[in-house]
Amino acid sequence: MSAGGLASALSALGQFAAKRRRVEVCELCATELAEDHPHLVDPKARKLLCACLACALLFGSQAGSKYKRVPRRIRFMPGFRLTDAEWAGLMIPINMAFFFKSSPEARVVAQYPSPAGATESQLPLDTWSDLVAANPALAEMEADVEALLVNRLGPARGYSDPEYYLLPIDECYKLVWMIRSHWQGLSGGAEVWKKLESFFADLKARSGVPYA
């Protein structure tokens, strides 16, 4: 084999090996996973694990288990009630955040995406009970595995009205990863805002019957 042919073969082999390394496997049994696969959550570590269907079915959302299975349902809530004053009272520094019930900590956790990853708000969420009273669907939110995602980016970013979703927690971390991976400069750059537009359009398309 010529030197050029050997280099070409080695390059192809390297690309094949890289593709093989990128294949995800179940973190419990090492079975190779499809691109669309279930996730589990370790509530104490707040760690997301990839799982095969067989392993995922071993876990539900009940308390007492080390892992909880993340559900797949996405619910868009066009009638969600949250005033500008109530949002300001939460003191989230950007106009996007997600909220979930942490069973190990017995509290509601607020996080928001940033170029550095998920950032937690350390402020007490005294208004959460008021939000639940105004929006009874929040009472159905499963601890550790579901979240309320708030998008209040506004008309400047192409959103005429605020958007609210009850959705799997892995979608929130997908959003965090997307922003962290594509953010450029001080304003984020055009690409990250296009990614966000596609992300929220996809959520709305995949959502079930809207919750009023």
Side-chain angles (χ1 to χ4, degrees), residues 24 26-28 33-53 55-77 80 82 90 92 94-123 125 128 131-132 135-153 162-181 195-196 198-208 210-211:
E24 291 187 277
C26 175
E27 296 183 61
L28 296 183
L33 298 174
E35 183 177 353
D36 183 21
H37 55 263
H39 289 111
L40 301 172
V41 165
D42 179 344
K44 288 185 178 180
R46 293 193 198 168
K47 181 182 178 182
L48 200 65
L49 293 87
C50 297
C52 66
L53 181 60
C55 288
L57 290 175
L58 296 175
F59 301 95
S61 58
Q62 68 276 5
S65 174
K66 179 177 181 180
Y67 302 119
K68 290 185 176 183
R69 186 171 69 246
V70 178
R72 308 302 290 270
R73 62 183 177 177
I74 297 172
R75 293 171 285 177
F76 175 56
M77 297 186 292
F80 194 87
L82 176 63
L90 293 173
I92 304 295
I94 66 171
N95 286 320
M96 187 187 304
F98 58 96
F99 306 80
F100 65 93
K101 301 173 185 175
S102 169
S103 56
E105 299 175 47
R107 67 184 181 96
V108 174
V109 174
Q111 293 188 319
Y112 54 91
S114 76
T119 302
E120 184 169 331
S121 172
Q122 301 297 324
L123 299 172
L125 300 176
W128 182 256
L131 278 178
V132 175
N135 304 279
L138 291 179
E140 302 175 20
M141 191 169 73
E142 295 184 38
D144 306 307
V145 295
E146 285 191 305
L148 167 68
L149 175 61
V150 177
N151 171 10
R152 294 175 62 94
L153 293 174
E163 295 182 356
Y164 305 91
Y165 299 86
L166 276 182
L167 76 178
I169 192 72
D170 55 2
E171 294 289 344
C172 297
Y173 290 119
K174 177 182 176 181
L175 173 64
V176 169
W177 174 87
M178 183 182 68
I179 291 176
R180 182 177 182 180
S181 299
K195 293 283 186 182
L196 278 171
S198 297
F199 176 83
F200 283 106
D202 180 64
L203 282 185
K204 195 173 291 185
R206 291 160 55 202
S207 64
Y211 267 52

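When a residue number appears, it is its place in the shown sequence, counting from 1.
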Run the side-chain contact (heavy atoms from CB on, under 4.5 Å) test on L196 and M178 for me, step by step, so that the C-alpha distance in whole Å, both residues' side-chain angles and the decisive distance to 0.1 Å come before the verdict. CA-CA 8 Å; L196 278 171; M178 183 182 68; 3.7 Å; yes
Which atoms form the tightest heavy-atom contact between A139 and K101, and what is the distance? O-NZ, 3.8 Å
Do R75 and Y164 have side-chain N/O donor and acceptor atoms under 3.5 Å apart? no
Going through the distances and angles, do L138 and L131 end up as a side-chain contact (heavy atoms from CB on, under 4.5 Å)? CA-CA 8 Å; L138 291 179; L131 278 178; 4.0 Å; yes
Of all heavy-atom pairs linking A51 and C26, the shortest is CA-SG, 3.7 Å
Y173 versus Q111, side-chain donor and acceptor atoms under 3.5 Å: yes
Pairwise side-chain contact, D144 with I169, heavy-atom cut-off 4.5 Å (strictly under): no
Please report the C-alpha distance between L149 and F200 in whole Å, then the side-chain angles of each, then the deciding distance to 0.1 Å, and finally whether the side-chain contact (heavy atoms from CB on, under 4.5 Å) criterion is met. CA-CA 10 Å; L149 175 61; F200 283 106; 3.8 Å; yes
Is there side-chain contact between V145 and F59, with heavy atoms separated by less than 4.5 Å? no
Apply side-chain contact (heavy atoms from CB on, under 4.5 Å) to the pair L148 and L167, showing each step before the final yes or no. CA-CA 7 Å; L148 167 68; L167 76 178; over 6 Å; no
Y165 and ring pair (Phe, Tyr, Trp, His ring centres under 6.0 Å): which partner among F98, F199, F99, F76? F76
Enumerate the salt bridge (Lys or Arg N to Asp or Glu O under 4.0 Å) contacts for residues 38-50, please, sequence neighbours excluded, ordered by first and then second residue. R46-E105, R46-E120
Side-chain heavy-atom pair V150, L90 within 4.5 angstrom cut-off: no
Heavy-atom neighbours of R180 CZ exceed 12 at 6.0 Å: no
Heavy atoms of I74 and P168 approach each other most closely as CG1-CD, 3.8 Å
K68 to S103 - nearest heavy-atom pair and separation: NZ-OG, 3.8 Å
Can you check whether M77 reaches N135 side chain to side chain, under 4.5 Å on heavy atoms? no
Taking every non-hydrogen atom, the tightest pair across L166 and M141: CD2-SD, 3.7 Å
Do L153 and I94 have side chains that get closer than 4.5 Å, going by heavy atoms? no
Whether E163 and K204 form a salt bridge (side-chain N of Lys/Arg under 4.0 Å from carboxylate O of Asp/Glu) is what I want to check. yes
For the backbone of A56 and the side chain of R69, can you confirm whether one donor and one acceptor N or O come within less than 3.5 Å of each other? yes
Are the side chains of L48 and L40 in touch, meaning some heavy atoms are under 4.5 Å apart? no
Closest non-hydrogen atom pair between I92 and S121, with its separation: CD1-CB, 4.0 Å
Presence of salt bridge, E146 and R73, under 4.0 angstrom: yes
Can R72 and D170 be said to form a salt bridge (Lys or Arg N to Asp or Glu O under 4.0 Å), step by step? CA-CA 9 Å; R72 308 302 290 270; D170 55 2; 5.7 Å; no
Flag the pair E171 / H39 as yes when at least one side-chain heavy-atom distance between them is below 4.5 Å, and no otherwise. no
Does the side chain of S114 reach to within under 4.5 Å of the side chain of I179, using non-hydrogen atoms? no
For the atom pair CE (M96) and SG (C172), what is the distance rounded to the nearest 0.5 Å? 10.5 Å
Under the side chain to side chain contact (heavy atoms under 4.5 Å, CB included) rule, collect the residues that match up with L57, sequence neighbours excluded. L53
